[in-house]
Amino acid sequence: MRRAVCPGSFDPVTNGHVDVITRAAGLYDELVVAVLVNPGKAGLFTVDERMELLREACADLPNVTVDSFHGLLVDYCREHDIPVIVKGLRAVGDFEYELQMAQMNRELAHVETLFVPTAPQVGHLSSSLVKQIAKFGGDVSRLVPKAVLDRLLAQREQGA
Ligand code: PNS
């Protein structure tokens, strides 16, 4: 059984994440999408909301499950017997830090990292940009899954 984890903040999940998750799901028997619980950083969405939105976005991918984790990613990998981390790379700007983390995770626990280059049509997406555009009334309908769009629009109506 080939298993991998796709970790991230996912605040919120974008079409860029869905692209990477979908392609990774095609490479492994089981893919766990794991949301980092970061007590030091309040997000727009709670971890439970992020997980719910991910589940809706990945509803068509039967081998994908959604979970959350605290602390080190390699500890989560060890506890769940997952040997591979999958990360999306949008541009060279992502590479330096991602390479450093990949090398560190391998040193810490022999966990390998697989980099998936994002599809060019979603390579400019980020959760932060989506949040900023949505906050100021811009159109993010082509950038995020439907469930996320609905939630962002509802928040805007409530004046959040
Ligand atoms: O979506 P993000 O914010 O780019 O995801 C970053 C994430 C969650 C993958 C990364 O911060 C992480 O793995 N955090 C867990 C803590 C950890 O293991 N740190 C050591 C990395 S070498």
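Counting starts at 1 for both ligands and their atoms, following the listed order.
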**Geometric N/O contact S9 with ligand 1, under 3.5 angstrom** = yes

**Fill in**
In this structure, atom 10 (C) of ligand 1 is nearest to the protein heavy atom M101 SD, 4.2 Å

**Prompt:** For atom 9 (C) of ligand 1, which of E98, Q103, K87 has the closest heavy atom?
**Reply:** K87

**Fill in**
atom 14 (N) of ligand 1 sits nearest the protein heavy atom L36 CD2, 4.0 Å

**Closest heavy-atom pair and its distance - A109, R78** = CB-NH1, 3.8 Å

**Complete:** Scanning both residues in full, the closest heavy-atom pair of L125 with R90 reads O-NH1, 2.9 Å

**Item:** Sub-4.0 Å atoms of ligand 1 with respect to non-hydrogen atoms of L73
**Value:** 13 (O), 17 (C), 18 (O)

**Message:** Please report whether atom 17 (C) of ligand 1 has a protein non-hydrogen atom at a separation of less than 4.0 Å.
**Reply:** yes

**Request:** Give the residue, atom name and distance (to 0.1 Å) of the protein heavy atom nearest atom 22 (S) of ligand 1.
**Result:** N105 OD1, 3.5 Å

**Minimum side-chain heavy-atom gap I21-L54 below 4.5 Å** = yes

**Complete:** Quick note on ligand 1: atoms under 4.0 Å from a heavy atom of M104 include exactly 22 (S)

**Any protein heavy atom < 4.0 Å from atom 12 (C) of ligand 1** = no

**Complete:** For atom 19 (N) of ligand 1, the closest protein heavy atom turns out to be L72 CD2, 3.8 Å

**Item:** Selected option - heavy-atom contact closest to atom 15 (C) of ligand 1, from A109, G88, G71, P7
**Value:** G71

**Prompt:** Should the pair K131-D11 be classified as a salt bridge under the 4.0 Å nitrogen-to-oxygen rule?
**Reply:** yes

**Asked** Should L153 and I133 be regarded as members of a common hydrophobic cluster, given that ILVMFWY residues are connected when their side-chain heavy atoms come within less than 4.5 Å of each other, either directly or indirectly?
**Response** yes

**Asked** Got a sec: does the CZ of R142 have more than 12 other heavy atoms crowding it under 6.0 Å?
**Response** no

**Request:** Would you indicate which of G8, A34, G43 comes nearest to atom 5 (O) of ligand 1 when only heavy atoms are counted?
**Result:** G8

**Asked** Side chains of L89 and T118: closer than 4.5 Å at any heavy-atom pair?
**Response** no

**Message:** Can you confirm whether some protein heavy atom lies under 4.0 Å from atom 7 (C) of ligand 1, or whether none does?
**Reply:** no

**Request:** Kindly work out whether a path of hydrophobic side-chain contacts (I/L/V/M/F/W/Y, heavy atoms less than 4.5 Å apart) joins L99 to M104.
**Result:** no

**SB check R151 E52 (cutoff 4.0 Å)** = yes

